[in-house]
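Whatever order the structure lists ligands and atoms in, that order sets their numbers, starting from 1.
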Amino acid sequence: MNTKIKAGIIGATGMVGQMFIKLLENHPWFDVTYLAASASSAGKTYSQAVQGRWHVSSEVPSYVRDLMVEDASNVEKAIGKCSFVFCAVSLGKDEVKALETLYASRGFAVVSANSAYRLTPDVPMLIPEINYEHVNIIPVQQKNNGWDKGFIAVKPNCSIQSYMIPLHALMAKGYKIKQMTLVTLQGLSGAGYPGPSAFDLIDNIVPLIKGEEEKSEIEPQKIFGSIKDGQIVNDTSILMSAHCTRVPVIDGHTVCVNVQFEGKKPSESEIIDCWKNYRSVPRELGLPSAPENTIIYKEEADRPQPRKDRDNGNGMAITVGRLRPCNVFDYRFVGLSHNTNRGAAGGAILMAELLVSKGFIKA
Ligand code: NAP
């Protein structure tokens with residue numbers, strides 16, 4: 001790419017926003033030129049705005065330290081500064097919709113980590129390895145809204161790639177999944193900052209993350225769905241049942257999966273072979289954030305583990321392990337991915353790269 005594309009980050013001061021800042025330093029395609037957050041951060045330099053609440057292990061990168069943070073509701077400030085925006089804000093559903101619609105209506109591509117538009121039939125919810133073809137709904141969305149350039153594309157919930165990509169690898173080989181159960185063990189950073197109190201989390205497990213089980217069961221239906229008559233129609237053929245829990249881990253969402261196939265059933269070695277040789281479309285397209293190996297299968301009996309495996313593939317790989325027969329269904333396994341990286345900022349950057357390669361985001 002000869003000219004880098006100018007990118008904005010809305011919610012730049014938050015948990016996910018900080019990960020965007022880290023991952024976009026020296027990005028080969030994107031230059032961060034616009035930062036926005038709530039009115040309380042507006043008017044401060046980025047380093048002032050995150051003082052005392054910078055959670056990334058390295059220092060605030062020099063490229064953003066002196067960049068002014070704008071009030072996200074003042075879209076005029078973004079005009080002329082960037083071609084598209086990433087968006088990750090802690091607001092109610094209606095407020096997120098209003099904010100993202102505002103930017104799309106003013107000609108920005110909005111690449112969102114928020115959940116507000118995930119189930120809207122003309123909004124693609126992308127895991128680039130799986131449903132990259134859903135980008136083709138964008139012209140329909142633009143027509144429905146009367147937008148010539150702007151549009152909204154969203155990424156799914158922060159834990160679902162931990163099981164969706166391993167399942168997709170098997171489905172792509174012709175194995176049909178009948179039903180599955182999953183238990184998530186979700187890290188603390190998934191709740192944003194400051195999240196649950198230390199008193200609630202230390203020496204404890206909280207067996208409820210409000211709304212998360214519904215997302216874990218419904219969002220896969222849209223991702224496995226297809227475009228029909230100008231909308232994305234869900235594939236409801238897989239029966240899913242989820243338990244979602246919050247655990248005292250800083251980063252990393254682990255998922256224990258039990259799965260039953262319909263008809264032809266793979267052997268254990270066929271499953272491992274399929275995961276190890278998974279063909280990744282983002283990798284084939286040369287997207288810079290696509291890891292060399294999207295799925296990493298760990299042979300050790302006690303892996304994956306969040307502390308040891310969440311940064312595999314620069315935090316973009318899905319690590320799986322503990323594949324074994326199930327006494328109730330066919331097999332069980334454990335999947336893990338980094339929630340603020342692959343599950344949020346990294347996943348959104350991969351989406352933006354896909355949208356560039358398909359011609360939807362331009363300089
Ligand atoms: P967070 O740490 O609480 O950060 C929230 C961000 O939203 C801050 O930058 C905050 O700005 C900004 N904000 C608050 N009110 C605003 C307003 N009125 N206008 C503009 N910006 C406003 O939350 P987070 O964990 O980063 O999550 C952000 C979004 O990403 C949520 O929708 C969440 O569901 C989603 N998500 C999170 C994860 C994860 O692992 N954490 C994963 C996937 C998706 P100030 O600093 O100025 O208040």
Can Lys276 and Glu299 be counted as an ion pair, charged N to O under 4.0 angstrom? yes

For residues 276-324, which residue pairs pass the ring-ring contact (aromatic ring centres under 6.0 Å, His included) check, not counting sequence neighbours? His168-Tyr278, Trp275-Tyr297

Report each N/O pair between ligand 1 and the protein that falls under 3.5 Å, naming both atoms.
unit_1   : atom_1 : unit_2 : atom_2 : d
ligand 1 : 2 (O)  : Met15  : N      : 2.9
ligand 1 : 2 (O)  : Tyr193 : N      : 3.2
ligand 1 : 7 (O)  : Ser90  : N      : 3.1
ligand 1 : 9 (O)  : Gly11  : O      : 3.2
ligand 1 : 9 (O)  : Thr13  : N      : 3.4
ligand 1 : 9 (O)  : Thr13  : OG1    : 2.6
ligand 1 : 9 (O)  : Gly14  : N      : 3.0
ligand 1 : 11 (O) : Thr13  : OG1    : 3.2
ligand 1 : 21 (N) : Ser38  : N      : 3.4
ligand 1 : 26 (O) : Met15  : N      : 3.2
ligand 1 : 26 (O) : Val16  : N      : 2.8
ligand 1 : 32 (O) : Val89  : O      : 3.1
ligand 1 : 32 (O) : Asn114 : OD1    : 2.8
ligand 1 : 40 (O) : Asn339 : ND2    : 3.0
ligand 1 : 41 (N) : Ser189 : O      : 2.9
ligand 1 : 46 (O) : Thr13  : OG1    : 2.6
ligand 1 : 46 (O) : Ser41  : OG     : 3.4
ligand 1 : 46 (O) : Arg53  : NH1    : 2.7
ligand 1 : 46 (O) : Arg53  : NH2    : 2.9
ligand 1 : 47 (O) : Ser38  : N      : 3.1
ligand 1 : 47 (O) : Ser38  : OG     : 2.6
ligand 1 : 47 (O) : Ser41  : OG     : 2.5
ligand 1 : 48 (O) : Ser38  : OG     : 3.3

Pairs satisfying salt bridge (Lys or Arg N to Asp or Glu O under 4.0 Å), at least one member in residues 75-93, at least two apart: Glu70-Lys81, Glu76-Arg106

ring-ring contact (aromatic ring centres under 6.0 Å, His included) against Tyr46, all qualifying residues, sequence neighbours excluded: none

Salt bridge between Glu129 and Arg342, side-chain N to carboxylate O under 4.0 Å? yes

Heavy-atom donor-acceptor pair, Thr184 side chain to Val255 backbone, under 3.5 Å: no

